[in-house]
Amino acid sequence: MSYKQPEGFISYCKEWETKIGAFTEFRPETETAAVPGGAAPAALRLSSKEEARLSSEALASIAGLPFAVKDNIAVRDFSLSCGSKLLADLRSPYTATAVLKLQALGAAVIGKTNLDEFGMGSSTDNSGIQKTNNPWDENRVPGGSSGGSAAAVAAGLVPFALGSDTGGSVRQPAAFCGVVGLKPTYGAVSRYGLVAYASSLEGIGVLADTTARTRAVFAAIRGRDPLDDTSRETPAGAPPLYGDSQNRRGITRRDSTGIIGVLSAEAVAKAAAGLAALGGQDGAAEAAGAAASAAVLEPEVRRAFDLTRERFAALGYKLTDVEMPSLKYGVPAYYTIAAAEASANLARFDGVRYGKRPDWAENPDDLVDKTRDAGFGDEVKLRILLGTFVLRSGFQDRYYLRAQRIRAGIRAGFEALLGGPDYADAPAMDAILLPVFPTRAFDRGPSSLSSFAQKAADLYTCCANLAGLPAVSFPASVEGGLPVGVQLLGRAFSEGPLLDMVEAYEAAHPFPHPPGYKAFWEVNQ
Ligand code: GLN
């Protein structure tokens, strides 16, 4: 049975969308294949093995609902612009596995959302298509790169959306817009249908209005996919996504108290300052100093972080300070690896196989040059140049290989605290609490964050990608009229316990909404 979206919902969506511009393509009238809150349509049933993983409660969080998909994830017959002028006219001939799994449960894609071109950025302003505004304040950015998905969920146009997270692109916009953002363990969700930016770092993630829905969507999309060889089933021994009723507090150790390690801004700033002290040539020390100051939390973010800490303590968790000196190398390592992989992944956009090509070219090389010159924005060009530089023969030892060693060090640092791949080993703590971004949603005026400061500020998010670990960002509080997010990071495949903790927080401190927000079921009658 199909379900037609009511007029009230369609006009609510259109009104918001003219203000925020979250979508690159928007079809709010799309019918869903099931009634909201109902069971999955019989004709579209998943295999019984998969179905068994979804409780009826979870199914009700997805079935019959409209959802949005970041425009770098393929949905058949929709655009796949990747936020790039070069691909503005591209229609996808196929659908990503994660999207297919949600459609099979009776959810329907009602649009594709705006992003920083190819996922490169932290504001969505690097989109070659349009600007997206933050629903809390239209003069501010929604964050990025999944800014369109975050804005659409925050404004109530969809209860959930898919995004991609290479270095923070689900968690940071979720924090800027006041929604939940889950970056799953590397490989937990198939990347088939996600246009690659930095393949070894990224994955498809979930943005949603509540923790329960975030969990349900993740339950639906995860799992091994033969079309993506890096995708994996949850390993034996890993904590269950829907834990038993005695342990819905996210405790993974053989103990009754949950222990949360706190990686405070001071600890991170101290590490970042250490980088400046290392000195180096060609202005490296100055750059490192500027990066360290860009990582300092603004007072409102600081207040929200301290408040979260107190609130978790009041909920019965034990909080303990942790340090990770290797984090000071996180941003340089992240940008070295991400740019290197981007320069290889974006080589396919040559005007021959994909994209808008020029009307006239002298020869094939000229065709490629002209296509890229007109099609790619400045940030993308910068990253390609950086990537080809760090991969130049003779330079690999100096940059790329060193970055890979740092990456291994960061992973080992987290494993020492949270436990490694052997689930029989009891970890020292259940999760790590850390900031998402040093500022709240910033504006577009002269006080806007520079592109350099935005990169330095990825410090808090990119480490989860370097280590391949799951992390979830959620709204901690509203400060000065804008939401502030914090994140919890856990050992591989510990999404269940992480979401348990967030759910405990949400139950005591319900998540906020921007003025003018109406829940899907309020406009949908
Ligand atoms: N700001 C980061 C970058 O530009 C995050 C990107 C992402 O996660 N896609 O690389």
Side-chain angles (χ1 to χ4, degrees), residues 70-73 82-84 113-128 132 141-150 161-176 181-184 186 189 191 194-207 291 294-295 330-343 345-346 376-387 390 403 407 435-439 441-442 448-473 485 487:
K70 186 175 180 179
D71 209 9
N72 63 348
I73 300 172
C82 301
S84 182
T113 53
N114 198 21
L115 64 151
D116 289 303
E117 189 173 5
F118 293 105
M120 299 175 184
S122 305
S123 64
T124 306
D125 277 2
N126 290 346
S127 168
T132 296
V141 302
S145 62
S146 314
S149 285
L162 296 182
S164 63
D165 194 310
T166 312
S169 280
V170 162
R171 290 161 287 155
Q172 188 260 22
F176 275 24
L182 171 70
K183 173 235 171 281
Y186 183 75
V189 176
R191 280 184 294 117
L194 166 67
V195 177
Y197 155 21
S199 322
S200 79
L201 295 163
E202 69 203 357
I204 291 178
V206 183
L207 297 106
V331 168
Y334 167 75
Y335 276 96
T336 302
I337 295 168
E341 292 185 13
S343 71
N345 277 327
L346 268 53
F376 287 149
D378 286 349
E379 186 65 34
V380 173
K381 289 175 184 160
L382 175 82
R383 309 259 184 134
I384 293 172
L385 289 174
L386 180 64
V390 298
R407 178 179 198 171
V436 178
F437 203 77
T439 71
F442 47 88
S448 185
L449 274 195
S450 72
S451 158
F452 179 83
Q454 287 182 38
K455 292 186 177 73
D458 283 339
L459 179 70
Y460 300 102
T461 46
C462 73
C463 45
N465 304 78
L466 287 166
L469 299 177
V472 53
S473 129
Q487 57 175 336

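Remember, it's a predicted structure, so these values are computed and weren't measured experimentally. All ligand and atom numbering here is 1-based and tracks the order in the structure.
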Check each atom of ligand 1 against the heavy atoms of [X] and keep those under 4.0 Å away; list them by number with element.
X    : value
Y335 : 1 (N), 2 (C), 3 (C), 4 (O), 10 (O)
S145 : 9 (N)
S122 : 1 (N)
Y334 : 2 (C), 3 (C), 5 (C), 6 (C), 10 (O)

Exercise for the section: Look at R383 together with E117 and state whether they make a salt bridge at an N to O cut-off of under 4.0 Å. Expected result: no

Handout entry: Proximity of K70 to ligand 1 by residue part, where a heavy atom lies under 4.0 Å
Key = neither

Exercise for the section: Would you mind telling me if ligand 1 is within reach of the side chain of T166, the backbone, both or neither, using heavy atoms under 4.0 Å? Expected result: both

Determine yes or no for a side-chain-to-main-chain donor-acceptor pair under 3.5 angstrom, with [X] supplying the side chain and [Y] the backbone.
X    : Y    : result
N345 : Y197 : yes
D116 : S123 : yes
K183 : L469 : yes
Q487 : Y460 : yes
D165 : I204 : no

Practice task
For a side-chain contact (heavy atoms from CB on, under 4.5 Å) with C82, tell me which candidate from L346, V380, V195 qualifies.
Solution key: V195

Completion exercise
heavy-atom search around atom 7 (C) of ligand 1 in the protein gives S169 OG, 2.4 Å

Handout entry: Taking atom 2 (C) of ligand 1 as the reference point, the nearest protein heavy atom with its distance
Key = D458 OD2, 3.2 Å

Handout entry: Distance-only N or O hit between ligand 1 and M120, under 3.5 Å
Key = no

Practice task
Return yes or no for this condition: an N or O of D165 is under 3.5 Å from an N or O of ligand 1.
Solution key: no

Handout entry: Sub-4.0 Å heavy-atom approach of R383 to ligand 1
Key = yes

Exercise for the section: Tell me, please: is A338 in heavy-atom contact with ligand 1, that is, under 4.0 Å? Expected result: no

Exercise for the section: Ignoring hydrogens and angles, state whether a donor on the side chain of K70 or S146 is under 3.5 Å from an acceptor on the partner side chain. Expected result: yes

